[in-house]
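In what follows, a structure is listed as structure tokens, so that the remarks can point back to it.
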Amino acid sequence: MATRTVRQVLQRRFASAAAAARPPAVEVRNQRNAVFSREQARQRALYPRIEKIEVNMEGPGLEGTLLVMNRGLSTPLSCARHLTEHHVTNSVLALVDGEPWPLHQPLTNSCSLTLLTFKDNDPTLVNQAFWRSCASLLGQVLETAFKDDFTVELLSTEDVPVTSGAFCYDVVLDPQLDSWTPSEESLRSLTRGAQQLIHRDLAWEPLEVVPSVALEVFSHSRCKQEEVEQKAAESPRGTLMLYRCGDHVLLSGGPLVARTGLCSQYEVTALHSLGQGPWGLHRRAQGLSLPLQLQAHHTVWRKLRQRAEKLVEVPTTQEVTPPSLPDPDQPVTSSV
């Protein structure tokens, strides 16, 4: 116990020193974007010649549809554009040979392809990706919400089930803000930041990378580097998935939806203090959102919001499979 306490104290001191030595936030974002763009260009250069692949479309009304696409260039979204506008606007995620696949990730071999939507008979995978995407959007807002004088360290947060009532993102703010208690206006300001990103309808660009690239991307964050090492050790392929949304680069433990515009009725509901942790004063930001195609009446939304204000207890298990999203037509209980 004493050894762990000493280790945590040393980690906090190290984190504080690293934060003081970290370049301005704008420089950090530019560096992360530069590494992301360089690796993205390198991977695209692996396919200097146009090679064709066959994509067998699966799903209602698409049986027997065969598309001839470009290897390493075409994405599931490219395939959707060869179908109808409905497929383009409503597709959220894809299955490639039965495996979850981001809509913007290039196809590298002939395959079967299923486009997933929020209204599928079994939307479990889509709902999981949506909840994770909402949390990622929350992290992006937190990272840019404060003046450049203040450091913001985004921590690794396990996926939480939709039934927990809120998505969340753990964060450590600058030590100068340890005594700060967010007001309702502060939460509304964070909500406005998220809604601006939603209005811009930004793509979540996926990029599968080896650990050395991810470590370079997050070279200014020892916390993120530890997360990279952990996720790489757990990955069967030994690779990690990065995403870029605007100028924000993030590390994700699972697929994200195609774009920010798929989020709707997005609201930041709480910023709880979790007490001192390895990196400083840990806080848990929480929020609530519904997909664009699923709207809730304001009275139901108010009940959902009240539930989303309660502290979400993040499970310690490595994998959590959330069930369906909250149904606005069903009564909301106060239990979590």
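One is the number of the first residue; the rest follow in order along the sequence.
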K147 atom NZ, over 12 foreign heavy atoms within 6.0 Å: no
Exercise: identify the closest heavy-atom pair between V160 and W131: O-CD1, 3.3 Å
Distance (rounded to the nearest 0.5 Å) between L113 CG and L66 CG: 11.5 Å
Side-chain donor-acceptor pair present, T151, D174, cut-off under 3.5 Å: yes
Distance-only donor-acceptor check, side chains Q225 and E229, under 3.5 Å: no
Atom pair CG/CG of L93 and L115 - distance to nearest 0.5 Å: 9.5 Å
Atom pair CG (L190) and CG (L271), whose distance is rounded to the nearest 0.5 Å: 7.5 Å
Distance-only side-chain donor-acceptor flag, D97 / S112, under 3.5 Å: yes
Test item: side-chain donor near acceptor, T84 and H86, under 3.5 Å: no
Side chain Q286, main chain V268, donor-acceptor under 3.5 Å: no
Partner of E205 by side-chain hydrogen bond (donor to acceptor under 3.5 Å, both in side chains), out of Q105, Q40, H104: Q40
Main-chain N/O of S264 paired with S289 side-chain donor or acceptor, under 3.5 Å: yes
Carboxylate-amine/guanidinium proximity below 4.0 Å for E143 and R32: yes
Contact summary for H272 and E309, nearest pair of heavy atoms: NE2-O, 2.8 Å
ring-ring contact (aromatic ring centres under 6.0 Å, His included) between W180 and F150, intermediate numbers included: CA-CA 12 Å; W180 174 66; F150 300 119; 9.4 Å; no
Any side-chain heavy-atom pair of V209 and Q43 under 4.5 Å: yes
Within-4.5 Å side-chain heavy-atom neighbours: W301 and L290: yes
Parallel, tilted or perpendicular: ring planes of F167 versus Y266, cut at 30 and 60 degrees: tilted
S110 versus R71, side-chain donor and acceptor atoms under 3.5 Å: no
Separation of C168 SG from L288 CG (nearest 0.5 Å): 12.5 Å
Exercise: identify the closest heavy-atom pair between C245 and Q140: O-NE2, 3.1 Å
Sequence neighbours excluded - salt bridge (charged side-chain N to carboxylate O under 4.0 Å, His left out) pairs with any residue from residues 209-219: R38-E216
side-chain contact (heavy atoms from CB on, under 4.5 Å) evaluation trace for C223 with L155: CA-CA 7 Å; C223 173; L155 306 179; 3.4 Å; yes
Presence of salt bridge, E185 and R188, under 4.0 angstrom: yes
Close side-chain approach of L207 to F36, heavy-atom, < 4.5 Å: yes
Residue pair L256 / S136: nearest heavy atoms and the distance that separates them: CD2-OG, 3.9 Å
Side-chain donor-acceptor pair present, N90, Q293, cut-off under 3.5 Å: yes
E208/R237 salt bridge by N-O under 4.0 Å criterion: yes
Derivation and outcome, salt bridge (Lys or Arg N to Asp or Glu O under 4.0 Å), residues K231 and E234: CA-CA 5 Å; K231 281 185 165 54; E234 297 170 351; over 6 Å; no
Shortest non-hydrogen contact from L240 toward A232: CD2-N, 3.8 Å
T117-D120 side chain donor-acceptor pair, cut-off 3.5 Å: yes
Short side-chain donor-acceptor distance under 3.5 Å, S78 and T75: yes
Polar side chain donor-acceptor pair, S186 to S189, under 3.5 angstrom: no
Heavy-atom side-chain proximity of Y243 to V249 below 4.5 angstrom: no
